[in-house]
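A short worksheet on the structure shown next.
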Amino acid sequence: MAEASKKAFVTGHPIKHSRSPKIHGHWLASHGIDGSYQAIDVAPRDFAEFLRTLQANGYLGGNVTIPHKEAAFASVDRRDQAAEEIGAVNALWFEDGKLWGGNTDGHGFAANLDQFAPGWASNGPAVVLGAGGASRAVIQALKQRGVADIRIVNRTLARAEELRHRFGSGISAHEMSATDELLADAGLLINTTALGMQGNEGLSADPALLPDHALVTDIVYVPLETPLLAAARARKLKTVDGLGMLLHQAVPGFERWFGIRPQVTPDLRALIVADLVPKQ
Ligand code: ATR
């Protein structure tokens, strides 16, 4: 009998906007793997049942996105260290009969900067705009790479303070009114909010206030060049867009399910860039 093909998925609600099937599909095809990676829309009330029947349905594992990352965190049998630190799960797999949950978003963030701005982690203090789910993954990566001074700026100070407590030493929490002052000696500026996304107002942080050596990055990738990155570029600062974080976060999952560590190549990037027109 022919060996069953390897099956993985991404689940969210809604899910049709997800570019993950294109990313994994590209790797499956380029490595000639007999496998599939499917987008599955699962409503929150059906998520527990979806997890319970995963293995019976032949899945090796998959990705989890909004709004299921916290439910996945709570439901898995085991979690990796990144998931514990971030408090959310974006990747699932089976090991020794247990359902494991991991988080590869922080890896994606760091690997993107490694690719386009090597040495970034020793650039100096980091200013992180936002204190939501994406911010947690960024802070986990910054801490993991040894960034010693991480300054979280958020509209709601209490959420920034929550993250300061969560991640401990080296983190400070600030109101938005402190931004100008915090930028003056910063080496990294990271936007983790949806501000600057197509249709949204831009941010209040002004890259003109940063030192010349500073690096500016945005986790938003639609548009690829956000108003923040455009302003940083006009100021002749080094910038890295957010698309690479999406591409790199997919690498560890693919390796786990399909057994080959894939590369984030210019071809893959071009494929996804071509797909960045807003989806209905
Ligand atoms: P995600 O999981 O994508 O990070 P989130 O948890 O909703 O999303 O977090 C969104 C972030 O964008 C938060 O830091 C939010 O600030 P608050 O904590 O004060 O809500 C920030 N944000 C969203 N809209 C904003 C706005 N108009 N001005 C400033 N910050 C905003």
Side-chain angles (χ1 to χ4, degrees), residues 81-82 85-86 90 103-154 160 163-164 167-172 174 179 181-193 195-196 203 205-221 223-252 261 263-266 268-269 272-273:
Q81 196 188 335
E85 289 173 11
I86 295 168
N90 80 335
N103 196 308
T104 65
D105 285 333
H107 165 80
F109 173 79
N112 182 34
L113 296 189
D114 287 344
Q115 183 173 4
F116 293 108
W120 61 273
S122 32
N123 231 29
V127 174
V128 178
L129 305 172
S135 174
R136 290 201 229 167
V138 165
I139 294 166
Q140 185 263 338
L142 294 173
K143 281 212 80 164
Q144 208 254 336
R145 293 305 189 90
V147 176
D149 179 351
I150 301 169
R151 305 160 178 182
I152 309 172
V153 177
N154 199 43
L163 293 196
R164 178 165 60 82
F167 287 99
S169 64
I171 315 270
S172 56
H174 308 268
T179 311
E181 206 178 316
L182 295 169
L183 293 178
D185 65 341
L188 278 169
L189 171 61
I190 304 139
N191 174 42
T192 74
T193 75
L195 298 175
L203 281 162
D206 181 0
L209 301 171
L210 286 162
D212 292 344
H213 72 279
L215 166 67
V216 181
T217 186
D218 203 318
I219 64 149
V220 170
Y221 56 85
L224 213 42
E225 182 166 77
T226 61
L228 178 72
L229 295 183
R233 199 161 57 89
R235 156 85 175 78
K236 298 198 164 52
L237 298 177
K238 171 92 180 150
T239 61
V240 178
D241 67 54
L243 181 57
M245 178 174 173
L246 173 74
L247 303 177
H248 281 283
Q249 65 75 31
V251 168
R261 191 161 185 93
Q263 298 294 309
V264 173
T265 58
L268 173 63
R269 190 178 156 87
I272 304 303
V273 167

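Everything quoted here is computed from the prediction, not taken from an experiment.
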*Mind checking the CD1-CG spacing from Ile150 to Leu142? Nearest 0.5 Å is all I need.*
4.5 Å

_Between Gln81 and Glu85, is the side-chain hydrogen bond (donor to acceptor under 3.5 Å, both in side chains) condition met? List the steps._
CA-CA 6 Å; Gln81 196 188 335; Glu85 289 173 11; 2.7 Å; yes

*Rounded to the nearest 0.5 Å, how far apart are CG of Asn154 and CZ of Arg164?*
13.0 Å

*Point-to-point distance, once rounded to the nearest 0.5 Å, from CG of Asn112 to OH of Tyr221*: 12.0 Å

*Which pair of heavy atoms, one from Leu195 and one from Asn191, lies closest together, and at what distance?*
O-ND2, 3.2 Å

_What's the separation between atom CZ in Arg269 and atom CG in Leu243, rounded to the nearest 0.5 Å?_
5.0 Å

*Does a side-chain N-to-carboxylate-O contact under 4.0 Å join Asp206 and Arg235?*
no

*What's the shortest heavy-atom distance between Val240 and Ala117, and which atoms?*
CG2-CB, 4.1 Å

*asked:* Check whether Asp241 reaches the backbone of Leu224 with its side chain - one donor and one acceptor, N or O, closer than 3.5 Å.
replied: no

*Whether Lys143 side chain and Ala148 backbone form a donor-acceptor pair below 3.5 Å*: no

*Check against side-chain contact (heavy atoms from CB on, under 4.5 Å), Lys238 and Val216*: CA-CA 6 Å; Lys238 171 92 180 150; Val216 181; over 6 Å; no

*Measure the spacing between CD1 of Ile139 and CD1 of Ile190 and express it to the nearest 0.5 Å.*
8.5 Å

*CZ (Arg233) with more than 12 external heavy atoms under 6.0 Å*: no

*asked:* Quick check: do Leu129 and Val127 have side-chain heavy atoms less than 4.5 Å from each other?
replied: yes

*Minimum heavy-atom distance between Ala134 and Thr192, given as atom pair plus value*: CB-O, 3.9 Å

*Crowded around Gln115 CD? As in, over 12 foreign heavy atoms under 6.0 Å?*
yes

*Give the intermediate values and the outcome of side-chain contact (heavy atoms from CB on, under 4.5 Å) for residues Arg261 and Val251.*
CA-CA 7 Å; Arg261 191 161 185 93; Val251 168; 3.6 Å; yes

*For the atom pair NE2 (His107) and CG (Asn90), what is the distance rounded to the nearest 0.5 Å?*
10.5 Å

*Can you spot which of Leu210, Asp218, Leu237 makes a side-chain contact (heavy atoms from CB on, under 4.5 Å) with Leu189?*
Leu210

*Do Val128 and Arg151 touch side chain to side chain, with heavy atoms closer than 4.5 Å?*
no

*asked:* Please check this pair: side chain of Ser135 against backbone of Gly130, looking for a donor-acceptor N/O pair closer than 3.5 Å.
replied: yes

*Find out whether Leu228 and Pro207 are in side-chain contact, i.e. whether some heavy atom of one side chain is under 4.5 Å from a heavy atom of the other.*
yes

*Decide, yes or no, whether a salt bridge links Arg145 with Asp114 under the criterion of side-chain N to carboxylate O below 4.0 Å.*
yes

*Answer yes or no: is there a donor N or O on one side and an acceptor on the other, between the side chain of Asn123 and the main chain of His213, under 3.5 Å?*
yes

*Using a 4.5 Å cut-off on heavy atoms from C-beta on, say whether the side chain of Asp105 contacts that of Met245.*
yes

*State, with a plain yes or no, whether a side-chain heavy atom of Leu246 is found less than 4.5 Å away from one of Gln249.*
yes

*Which atom of Leu183 lies closest to which atom of Pro211, heavy atoms considered*: O-CD, 3.4 Å

_Chi angles and distances behind the side-chain contact (heavy atoms from CB on, under 4.5 Å) call for Thr239, Leu215_ = CA-CA 6 Å; Thr239 61; Leu215 166 67; 5.9 Å; no

*Below 4.5 Å, heavy atoms only, C-beta onward: do Phe109 and Thr217 meet side chain to side chain?*
yes

_Could you check whether any side-chain N or O of Arg136 sits under 3.5 Å from a backbone N or O of Ile86, counting only pairs where one atom can act as donor and the other as acceptor?_
yes

